[in-house]
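Positions are given from 1, in the same order as the sequence printed here. Every heavy atom of this structure was used, including side-chain atoms; hydrogens, water molecules and symmetry mates were not. Since this is a predicted model, take the numbers as computed values, not measurements.
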Amino acid sequence: MPLPPPAARREVHQRTIEMQAFARADGLFDVEARLIDRKPFDFVRPSSPQPVPAGVPLHDLWVRLTVDGELTVRAIAAASDVTPWALCREAEGTLQVLVGERLARGWSAKVKERLRGAAGCTHLMEMLVTMGTTALQGIRGSDPSRRPSPEAKLDSCYAYGRERSVIRMLWPEHHRPPSA
C-alpha cells in the first residue's frame, strides 16, 4: 500500500542502506551493511573544489558484524570507499569498542553511547544500530530453536504490547486488557 500522494516537490538527497545476514560454515553469523548517499545534482563539498557529479556517491560505507550463536559480537570490519574527508576513514577503527558486546536489549543505546559525536562516524553508528535488528531477524529466522521467549518479545514493539491482540493470540497468559 503506497503512501498518500505527496505535495509538489523535488528530490534533494538519496540514501540507500542495504543489509544482509549470513550463516557461516563455521557456525558464526555475518551481517553486512552498505550505506550510499547521493545527490541528484552536482554538489561541491568543502573538502574539494571539484564538484561531485549528480548521482555519484558522497558516501559509500560498508560494515560487517560477525556474531556467534549467543549473539555476542566477535568481530567488526568496516570499509569507507567514499568519504568527504580522507580523515573519515580513521573512524573505521572506532567500531572495535563493540567487540564482545551482545546484540540484545540495549544494543542501540550501547552503540550510541560508545560512538556518539567525535568518538566515531555518525553514518557507521547509524548502520550498526539497525544491524542489530537485521542480525536478530536473520539468526532467529534461520532456526526455529532460536526464536525468543515471550518474555523477550513482550512490550518490545507496538504489536507485541501486552494490551495488543497479537499477545492475546500468541501468549494469552501474558495479555492484559487495555486500560481505560
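- When every heavy atom of Arg45 is checked against every heavy atom of Pro57, the shortest pair comes out as NH2-O, 4.0 Å.
- Glu11 and Phe41 make their closest contact through O-CE2, 4.5 Å (heavy atoms, listed as atom of the first residue, atom of the second, distance).
- Leu136 and Ile17 fall within the same hydrophobic cluster, defined by Ile, Leu, Val, Met, Phe, Trp and Tyr side-chain heavy atoms under 4.5 Å apart, directly or through other members.
- In this structure, Met131 CE and Gln20 CD are separated by 10.5 Å, a value rounded to the nearest 0.5 Å.
- Here the closest heavy-atom approach between residue Thr72 and residue Gly100 is recorded as CG2-O, 3.6 Å.
- Within a 6.0 Å radius of CD in Glu163, more than 12 heavy atoms belonging to other residues, nucleotides or ligands are found.
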Show the numbers, then the answer: is there a side chain to side chain contact (heavy atoms under 4.5 Å, CB included) between Leu128 and Leu115? CA-CA 10 Å; Leu128 282 163; Leu115 298 174; 3.8 Å; yes
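- Side-chain heavy atoms closer than 4.5 Å link hydrophobic residues (I, L, V, M, F, W, Y) into clusters, and following such links, even through other members, never connects Leu61 to Leu58.
- Applying the ring-ring contact (aromatic ring centres under 6.0 Å, His included) criterion to His175, with sequence neighbours excluded, gives no partner residue.
- Considering only heavy atoms from C-beta on, Lys39 stays 4.5 Å or farther from Val52 through its side chain.
- Here the shortest heavy-atom pairing between Val67 and Val73 reads CG1-CA, 3.9 Å.
- Considering all non-hydrogen atoms of both residues, Pro53 and Asp42 come closest at CA-OD1, 3.4 Å.
- Panel note: side chain Gln96, backbone Ile76; a donor-acceptor pair is recorded below 3.5 Å.
- A continuous path of Ile, Leu, Val, Met, Phe, Trp and Tyr side chains, each step under 4.5 Å between heavy atoms, connects Val97 with Leu71, placing both in one hydrophobic cluster.
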Could you go through the side chain to side chain contact (heavy atoms under 4.5 Å, CB included) check for Trp107 and Leu98 one step at a time? CA-CA 10 Å; Trp107 169 254; Leu98 296 168; 4.1 Å; yes
Walk me through it: do Ser80 and His123 pass the test side chain to side chain contact (heavy atoms under 4.5 Å, CB included)? CA-CA 10 Å; Ser80 302; His123 303 79; over 6 Å; no
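- A distance of 10.5 Å separates CG of Leu35 from CD of Glu18, quoted to the nearest 0.5 Å.
- When every heavy atom of Gly161 is checked against every heavy atom of Asp155, the shortest pair comes out as CA-OD1, 3.5 Å.
- Side-chain atoms of Arg162 never come within 3.5 Å of backbone atoms of Pro178 as a donor-acceptor pair (strictly under, hydrogens ignored).
- Here the side chains of Ser156 and Arg105 are in contact, with some heavy-atom distance below 4.5 Å.
- Proximity of Leu170 to Lys153: side-chain heavy atoms (C-beta onward) are nowhere separated by under 4.5 Å.
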Does the pair Met19 and Gln137 meet the rule for a side chain to side chain contact (heavy atoms under 4.5 Å, CB included), with working shown? CA-CA 11 Å; Met19 295 190 186; Gln137 289 181 351; over 6 Å; no
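- Environment of CZ in Arg116: sparse, with no more than 12 heavy atoms of neighbouring residues, nucleotides or ligands closer than 6.0 Å.
- In this structure, Cys121 SG and Met127 CE are separated by 7.0 Å, a value rounded to the nearest 0.5 Å.
- In this structure, OG1 in Thr122 is found 11.5 Å from NZ in Lys112, a value given to the nearest 0.5 Å.
- Rounded to the nearest 0.5 angstrom, Arg64 CZ and Leu95 CG are separated by 13.0 Å.
- Note on Trp62: it does not cluster hydrophobically with Leu124, by side-chain heavy-atom contacts below 4.5 Å among ILVMFWY residues.
- Formation of a donor-acceptor pair under 3.5 Å by the Ser47 side chain with backbone atoms of Pro84 is found in this model.
- Within the model, atoms CG of Leu28 and CG of Asp68 stand 6.5 Å from one another, a figure rounded to the nearest 0.5 Å.
- Residues Ile167 and Met169 are members of one and the same hydrophobic cluster, defined by side-chain heavy-atom contacts under 4.5 angstrom among Ile, Leu, Val, Met, Phe, Trp and Tyr.
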